[in-house]
Each structure stands twice: as C-alpha cells, then as structure tokens.
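A quick write-up on the structure given underneath.
Hydrogens, waters and symmetry mates are skipped; everything else that's a heavy atom, side chains included, is used. Chain identifiers are assigned alphabetically (A, B, ...) following the order of the sequence lines, protein sequences preceding nucleic acid strands; residue numbering begins at 1 within each chain.
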Amino acid sequence: MIHISYLSDLLPGEAAFIYSISACPLRERLYDLGFTASGRVECVAKAPLGGPCAYLIRGAVIALRREDARFVKVQRIPASSGGKHYVSS
Amino acid sequence: MALAGNPNVGKSSLFNRLTGLNQHTGNWTGKTVETAIGSCEREGLTFIDLPGTYSLRARSAEEEAASDFIKNGSADIIVAVCDACNLERGLTLVLQILELTPRVIVCVNMFDEAKRRGIALNLSALSDILGVPVVATSADNGTGLKKLCEVIRSNAAKHVQSHESPMRYPPEFESELKRLSKYGFSRGDVTNAVLESLPDQYCATILSRPIIVAEAIANEVVCGNVGYSNNDRRLDKIITHRFWSVPLMLLMLAGIFWLTIVGSNYPSTVLESLFSYTEAWLYELCDFLPNFIRDPLILGVLHTLFSVISVMLPPMAIFFPLFTLAEDFGLLGRIAFNLDGAFKRSGACGKQALTMCMSLGCTAVGAIGCRIIDSPRERKLAALTASFMPCNGKFPMLIAISALLVGKRLSPVVLTAFIMLSVIATLAVSKLLSMTVLKGEASSFALELPPYRRPQFLRVIVHSLIERTLHVLSRAVLASAPAGLIIWVLSNTFYHDAPLLAHLLVILEPLGRLIGLDGVILCAFLLGFPANELVLPLILSGYSMLGISADWSALTCVNLLIFTLFHFPCATTIMTIKRESGLKIALGSIAIPTVLGIILCLLSRVLFSFM
C-alpha cells in the first residue's frame with residue numbers, strides 16, 4: 001500500500017520520490033525545473049512568515065510556494081531506511 | 001551566434017567577455033531580461049545574448065523571446081551554455097535544442113568552479129554522445145574563450161546535414177517522427193506540434209524524456225558532488241532560518257549602511273573642498289565672459305553639479321560594490337525567498353524584495369529591476385512602491401536630521417527604524433493596491449536558489465565602481481545641470497524688489513506649515529525634483545538667502561524625515577518608470593508616495609499635539 005503525501009507536507013530534511021503532478025498552471029514549469037515522476041526530492045529549507053519551501057531536485061534548489069507544492073504528490077522516504085523505494089508507473 | 005541556456009549559467013558573463021559590452025550579471029536567476037547583440041571584433045563573430053530559459057516550452061515573456069529565437073533558426077550557430085557544476089540540468093535544454101537544429105555547440109561554463117568543488121567532467125565522451133563539439137570555458141577567468149571562437153568558426157563554415165539525436169522516445173512515437181522528418185520537419189517541431197493533442201499520460205512521458213536522457217548522460221559523464229554542496233546547505237540553514245533570517249538580513253543591511261556612511265564621510269569632504277577650489281579658479285578663468293553668462297554657468301550649473309557629485313559619488317562608490325558582492329555571492333535569491341511570505345500576503349511577489357534592494361542604491365535602477373517580476377500586475381506594484389526605499393540621494397538628509405533629533409549616537413537606531421517604516425509602508429500600500437486598483441491573483445512563484453559562488457573581489461569592485469556608478473551619475477548630472485540653472489535664475493531675478501524665490505516662498509509657507517514643515521523646506525523639495533541630493537543644500541541656502549534662522553521643533557524634524565522618505569520620486573526615476581511601465585504608472589508613482597507622505601505628516605502633527 002503506497003502512502004501518498006504532498007510535497008507541501010515535507011519538512012526540512014525530509015526526502016521523497018515524486019509520484020505524480022496534478023493538473024495545475026505550474027505543471028509544465030515544474031517538469032522543466034526537473035520535477036519528474038520517480039525523481040528524488042528533498043525539502044531543504046522552509047522560509048519564515050509562511051513563505052515558500054526550498055526543494056533540492058536534480059542537484060538544484062528550487063523554491064516553491066505552499067499552494068503550488070500541493071499539486072505534487074510524493075511518496076516519502078522514511079528517514080531510517082537508506083534503501084530505495086520503487087514507484088510503480 | 002546565439003548564447004542560449006538555463007538562467008544563471010553565465011551567458012551574460014560570456015557575452016561580456018567576448019564582446020566587451022556590459023550586460024548586467026549577478027548570481028540570481030532572471031538577471032538578463034532583454035536580448036542583446038554584440039560583436040567580437042577580433043574573431044569577426046556576432047553574438048546574441050538571450051535571456052535564460054529552462055526549456056523551449058517557455059512561459060514568461062523573456063523565456064518566450066529566447067525560445068522563439070532559437071526555434072525560428074535565425075542564428076547560424078547556437079552556443080548552448082551549461083553550468084559545469086550541474087550539467088544534468090543544462091543538458092535538458094541542450095537535448096531540446098538538438099531536436100530542432102544540428103548547428104549547436106555546447107559550452108560548459110564555470111569550469112573553474114566545478115574544479116574547485118571536485119567535479120570531473122568527461123567532455124570528449126559528452127561530445128561523442130551528443131554528436132556536437134563541446135568546449136569548456138570559464139567566463140569569469142576568461143579561459144577557453146579563444147578555443148570557443150575557433151570551434152564556432154570552423155563549425156560555421158561546415159555544412160552539417162543529418163544528425164543523430166541522442167534522445168529516443170517510445171517506439172511508436174519514434175516511427176512517427178521518422179516518417180514526418182522526411183517532409184523536412186525537425187523532430188522538435190513535430191514533438192511540439194503534437195504535444196497539444198496527446199492524452200495526459202503520453203504528454204508526461206514525452207515531456208520528461210529530455211530530463212531522463214539528461215540524467216543518463218550526466219551519470220556517464222560527470223563524476224563528483226553535483227549542485228548543492230554541503231557548504232551551501234550549511235549557509236542556507238543560517239540564512240533562511242525560521243527566526244534568525246530576518247534579523248540577520250537587517251543586520252547585514254545595517255552593516256552595509258554603516259560602511260557606506262562611515263566610508264563616504266572623508267571622500268565627500270575632500271571632494272567638496274576640491275570642487276569649491278575648482279569653481280573659484282574657473283570663475284577667475286572665465287573673466288572674459290560677461291557676467292550674465294558667467295554667473296549662471298559657474299555659480300548656477302557648475303556649482304550644483306559639483307555639490308551633487310560630492311554628495312552622491314562617495315556613498316554610491318561604496319554601496320554599489322558592496323551590493324554587487326552580495327549579489328554575486330548569491331544572497332539576493334535568499335532574500336527574496338525569506339520575504340516572499342510577507343509579500344504574498346500583500347498580494348505581491350517576493351522578487352519585489354529584490355527591486356527594493358536595488359532602490360536602496362538608486363530608485364531608477366530599482367524601477368528597471370522590476371522586469372525580473374513575471375506578472376505585469378506585480379511588476380506595477382513594485383514600480384509604484386519603488387521610491388519608498390531611501391535611495392543614496394536621500395541618505396545624507398536622513399542621517400543629518402536623525403542626528404539633529406536624537407544625537408549622533410542614537411541616529412543609526414532612528415535610521416533603521418525609518419527603513420523598517422519604509423518596508424512596512426511598501427507591504428501595506430501593495431496590499432491596499434491589490435485590494436482596490438490592481439486586483440488580481442497572486443501569481444505562482446518558482447525561484448531557483450543558485451549555489452553560492454565566491455565573488456571575485458577585485459574584479460567586482462573595479463567593474464562596479466566604474467560601470468554602475470558612472471552610469472547613474474551621468475543620469476543625475478543630466479538632471480541637476482538644468483536644475484542649477486533654474487535655481488540661480490530664481491534667486492537672482494528680481495520682481496518688486498525681491499527675488500522670485502522669495503515670492504515663491506510666500507505661497508509655500510502656509511502649505512508647509514500645514515504639514516508640520518515650512519515654506520523653505522517645501523520649496524527645497526519642489527526645486528529638488530531633479531535629484532533628491534539637491535534638497536538638503538537647497539534648504540540651507542534658502543535660509544541663508546532669506547536671512548532667517550531655521551525655527552525647527554521636534555515635529556519639524558520628524559516630519560522632515562517622513563517627507564524625505566515619502567514624496568514624489570526624482571525626475572530620473574519618473575522618466576525611467578514611464579519608459580518601463582507607461583505614463584499611468586509613472587503618474588501613480590508620483591501621487592502615491594506624496595499622498596502617503598502628507599497623510600503621515602498630518603498624522604504625526606496630530607500625535608505631537610497630544611504631547
């Protein structure tokens with residue numbers, strides 16, 4: 001049973017594999033920036049004052065607002081296991 | 001030859017090196033907002049610097065300009081620039097470009113930075129895989145440029161016919177592409193055309209193909225820790241901290257202010273004495289001229305010019321290099337990141353924090369900087385509130401008056417407090433405008449935080465000193481020269497036994513008193529319209545000319561500080577805003593701060609009456 005969360009739920013330090021991106025105005029932009037299915041993403045920082053979160057994806061750090069990050073479905077990587085999880089496509 | 005690539009990979013730096021021109025560079029995405037053309041004389045090549053784009057399916061205006069240019073094939077050769085520290089990201093665009101045209105040369109830039117981080121790249125393997133030449137460069141050092149030009153020249157001559165694309169789509173799609181390519185369409189054209197009509201599932205597969213292939217290529221070719229390093233991580237932990245980020249930013253800002261103020265004291269004094277000596281000498285020299293020409297020329301125009309330069313040049317010569325160092329280091333993206341939350345709630349964009357930072361140097365520069373904001377509505381918000389932040393022209397006044405009010409020791413505190421007032425006013429007015437005149441949805445915000453880069457101190461300081469300072473100075477000079485003339489004329493043209501200036505003051509005195517100031521101050525602000533630096537000298541000369549002493553209360557000082565921050569922008573800024581955003585916004589940029597200033601002055605007057 002795959003437990004799906006949203007990118008906006010990740011806290012700094014937590015990593016996940018991207019499952020899918022729902023239809024939204026930012027979707028193509030997200031693809032361009034490297035947010036593709038089965039890509040590994042890690043939340044590296046959360047801005048103060050309810051601001052955006054910074055995500056490490058494919059070696060680059062991209063800041064996204066909460067409202068936009070909510071469109072990205074992810075599968076969390078538990079902190080304890082260093083192993084890989086496979087996303088069925 | 002078109003320089004294409006992701007934002008912030010060094011295209012503009014490369015362009016500057018090759019052509020000797022001066023595109024503005026800095027370590028944050030979105031710096032280049034227009035295409036620029038220049039030619040490299042030595043090699044006989046013409047280069048076009050395109051704005052950065054993440055993919056050819058662009059969204060913002062500059063990205064569209066870049067991708068259209070690439071698609072319509074007007075360039076002989078496309079130089080696809082990548083960041084050596086993160087090749088995978090750059091390859092996505094390279095692969096897309098290769099689908100459109102085989103006339104591509106890949107330039108792997110910032111090679112020195114990659115070496116420093118211990119990243120090794122197998123460029124010959126990359127060249128084999130992609131099927132095009134690959135050249136390593138370092139625009140900052142200037143290495144690899146000659147080789148790049150050589151390769152460009154030899155390839156421009158060659159006629160490249162067919163080219164095996166390194167990308168492979170699913171078999172059904174591939175066969176379609178092969179079929180249609182017989183009609184002369186490039187693979188990229190077909191893919192783009194067909195993408196609209198494909199069902200969602202296939203769309204995702206097609207769109208993510210370049211990314212997956214880029215990843216595979218990078219895995220083969222790159223060795224080492226890519227992109228976000230541990231040092232970057234550590235720095236970001238501090239700079240974007242939940243609690244400490246805002247105080248830290250204020251501290252850094254205060255630090256830059258402090259250095260600017262302290263550092264410009266001595267040079268300003270030196271320049272002042274130098275100029276007064278020169279002025280007297282020139283006055284003697286021009287003895288042969290009749291007085292009615294000599295006086296306005298030297299005592300009017302030249303005198304004003306000199307006083308503006310001596311007041312404006314030292315602070316800007318210190319502020320701009322410091323700011324550019326912070327910029328090149330990579331701090332500005334983090335500032336926008338930290339402040340976006342507050343701006344979002346005001347209906348604006350976090351990038352407005354960046355334009356505000358630019359306004360600290362010169363509001364006109366901040367107005368141009370509004371281009372980095374994608375949404376037109378948010379760009380207008382930024383332009384309208386750009387003058388709320390004190391520019392270098394307002395600083396001398398703010399420093400002097402706050403010292404008058406609370407003494408020298410506490411004046412930095414007062415200064416910081418007033419800066420915070422500016423920021424709060426910017427947010428509040430943005431919110432008000434978003435709810436009324438400039439209604440609209442908050443746009444989505446996706447900003448790349450680039451890796452921190454070690455700025456090249458000497459190059460930055462020299463470059464910044466010469467280019468930016470002189471550029472802004474020349475604009476100010478063009479405005480203050482006619483102002484000096486007008487002021488001289490007003491003081492020396494008599495009507496009914498009094499100079500015109502005195503008559504003007506009669507009208508302005510009641511108006512000034514109403515808002516807690518006086519006629520001389522108001523007159524100084526009006527006459528100081530060309531440049532904010534003129535205001536303080538004009539106040540002083542106004543009192544001395546009329547032979548009255550300044551009768552100032554605490555209220556006058558406070559209101560003077562308020563009005564300095566919130567009044568109509570200088571002529572240069574208004575002209576810039578008009579050019580960037582149109583007449584309506586320019587008029588708004590005059591009205592809004594003035595009205596706010598008057599309201600706040602009246603408010604303070606009311607508050608003082610209770611004490």
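Taken from CD1 in I62(A) to CG in L449(B), the straight-line distance is 8.0 Å, to the nearest 0.5 Å. Here S245(B) contributes atom OG and K46(A) contributes atom NZ; the two are 13.5 Å apart, rounded to the nearest 0.5 Å. Taken to the nearest 0.5 Å, the CZ atom of R233(B) stands 4.5 Å off from the CD atom of E42(A).
Counting heavy-atom pairs closer than 4.5 Å to chain B, the top-ranked of the candidates P52(A), P12(A), G50(A), A45(A) is P52(A). For the set G51(A), G59(A), A69(A), the entry with the most heavy-atom pairs within less than 4.5 Å of chain B is G59(A). Put simply, of A47(A), S20(A), A63(A), the one with the most heavy-atom pairs under 4.5 Å next to chain B is A63(A).
Residue R89(B) forms a side-chain contact (heavy atoms from CB on, under 4.5 Å) with just one option from L33(A), I57(A), D32(A), and that option is L33(A).
Heavy-atom minimum distance, A60(A) versus E448(B): CB-OE2, 4.0 Å.
Neither the backbone nor the side chain of T92(B) comes within less than 4.5 Å of any heavy atom of chain A. Neither the backbone nor the side chain of D236(B) comes within contact range of chain A; no heavy atoms are under 4.5 Å apart.
Here the side chains of R58(A) and I211(B) are in contact, with some heavy-atom distance below 4.5 Å.
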